Amino acid sequence: MMRLSINVDHVATLRNARGGHFPCPVEAAKLCMEAGADGITVHLREDRRHIRDRDVERIAAEVQTRLNLEMAATEEMVAICTRLAPPACCIVPEKRAELTTEGGLNVATPDPFLRQAIARIAARGTEVSLFIEPEPAAVEAAHALGAQAVELHTGTYAEGAVARRNAELARIAAAARHAKALGLACHAGHGLSYDTIAPIAGLPEIIEVSIGHFLISTAVFEGLGVAVRRMGGLIRAARG
Ligand code: PXP
């Protein structure tokens, strides 16, 4: 079984562009679950550029799901995560100016707070995963830091040169085997799409993928025609 966790951050990005309540990431999370998703991921960023505290609280309270709170290892975020105690938490590096998470955590020479953050979150019963590069040394470092899971960064595989895909897939496969051998739950994510999911889904050690940008973007194209036809119908009906 491979779980599909949907990242609904970009529904909040659209909402925030207009400053109102629509589209609502909580409603999007419910729709994803109705459509067969296994979990919902939200990245609560320090600058709250998309998901806001209230969104996380509402998803935790209102949506029957495996909520995965993606966050930086800061005192503020650890306090939120330990208060809400979601089923899962993925710790990522976070730079204020980045457009999206740009790479795995530095687990080789980690911030001293990282170990403490993992221990405090795990003590509340939340599974802690570390977002890392698909390298054996990073997997070992995550294990040594006390994480229960790793999320392997698939960005280079999914978004890099097509000619490098097989080599990158082999790196992900080796890291996934290593994680499983160490007893870590192995997840993967970043940049995955209809075109790139199958080889990742073919790796039995990976038990969860997290997908956001492609699905929310594709929903625009798969849904825009439906919405335009409905609006056209309402206009024609109003005009008799
Ligand atoms: N996993 C992590 C750790 C991420 O930071 C992101 C992006 O928010 C994803 C998965 C999902 O990536 P994408 O939006 O490209 O599918």
Side-chain angles (χ1 to χ4, degrees), residues 2-14 16 25 28-29 32 37-52 55-56 59 66-74 77 81 86 88-107 114 117-118 121 126-135 138-139 142 147-160 165 168 172 175-176 179 184-201 206-221:
M2 174 177 265
R3 293 191 300 260
L4 171 59
S5 185
I6 312 294
N7 180 318
V8 295
D9 292 354
H10 292 310
V11 178
T13 303
L14 273 181
N16 298 351
C32 292
D38 303 290
I40 297 296
T41 296
V42 288
H43 185 174
L44 186 66
R45 283 183 168 269
E46 183 197 11
D47 62 9
R48 310 300 200 267
R49 72 171 76 150
H50 37 58
I51 291 293
R52 295 176 178 154
D55 299 324
V56 186
I59 292 172
R66 179 182 153 90
L67 173 61
N68 175 35
L69 177 58
E70 198 183 311
M71 52 173 252
T74 63
M77 290 300 153
C81 192
C89 164
C90 179
I91 299 182
V92 297
E94 194 175 296
K95 298 190 203 108
R96 194 169 262 261
E98 70 190 356
L99 294 178
T100 182
T101 316
E102 281 171 350
L105 277 169
N106 174 2
V107 279
L114 183 58
I118 295 167
I121 296 165
T126 296
E127 179 193 81
V128 184
S129 79
L130 302 186
F131 184 56
I132 58 167
E133 294 301 315
E135 288 160 4
V139 172
Q148 292 91 53
V150 286
E151 182 177 323
L152 303 177
H153 183 214
T154 53
T156 310
Y157 156 76
E159 296 168 339
R165 255 190 206 161
E168 195 55 27
I172 293 168
L184 291 167
C186 186
H187 309 161
H190 215 283
L192 295 172
S193 67
Y194 290 156
D195 286 342
T196 53
I197 188 62
I200 296 292
I206 297 180
I207 60 165
E208 179 175 303
V209 284
S210 160
I211 308 181
H213 185 262
F214 173 81
L215 281 178
I216 303 304
S217 308
T218 298
V220 172
F221 287 98

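All values derive from a computational prediction rather than experimental measurement. Whatever order the structure lists them in is the order used to number ligands and atoms, beginning at 1.
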(request) Report the residue from Ile6, Asp55, Ile59 that forms a side-chain contact (heavy atoms from CB on, under 4.5 Å) with Val42. (result) Ile59

(request) Take Arg45 and Asp47 through the salt bridge (charged side-chain N to carboxylate O under 4.0 Å, His left out) test and state the conclusion after the steps. (result) CA-CA 5 Å; Arg45 283 183 168 269; Asp47 62 9; 5.3 Å; no

(message) Side chains of Asn7 and Thr41 only: does a donor on one sit below 3.5 Å from an acceptor on the other?
(response) no

(message) Can you tell me which residue among His50, His10, His43 is in a ring pair (Phe, Tyr, Trp, His ring centres under 6.0 Å) with His213?
(response) His10

(message) Once ring pair (Phe, Tyr, Trp, His ring centres under 6.0 Å) is applied, do any residues pair with His153, and if so which ones, sequence neighbours excluded?
(response) Phe131, His190

(message) What I'd like to find out is whether the side chain of Arg66 reaches to under 4.5 Å of the side chain of Asp38, using heavy atoms alone.
(response) no

(request) Quick one, list the residues around ligand 1 where some non-hydrogen atom comes in under 4.0 Å, by chain and residue number. (result) Asn7, Glu70, Val92, Thr100, Thr101, Phe131, Glu151, Gly189, His190, Gly191, Ser210, Ile211, Gly212, His213

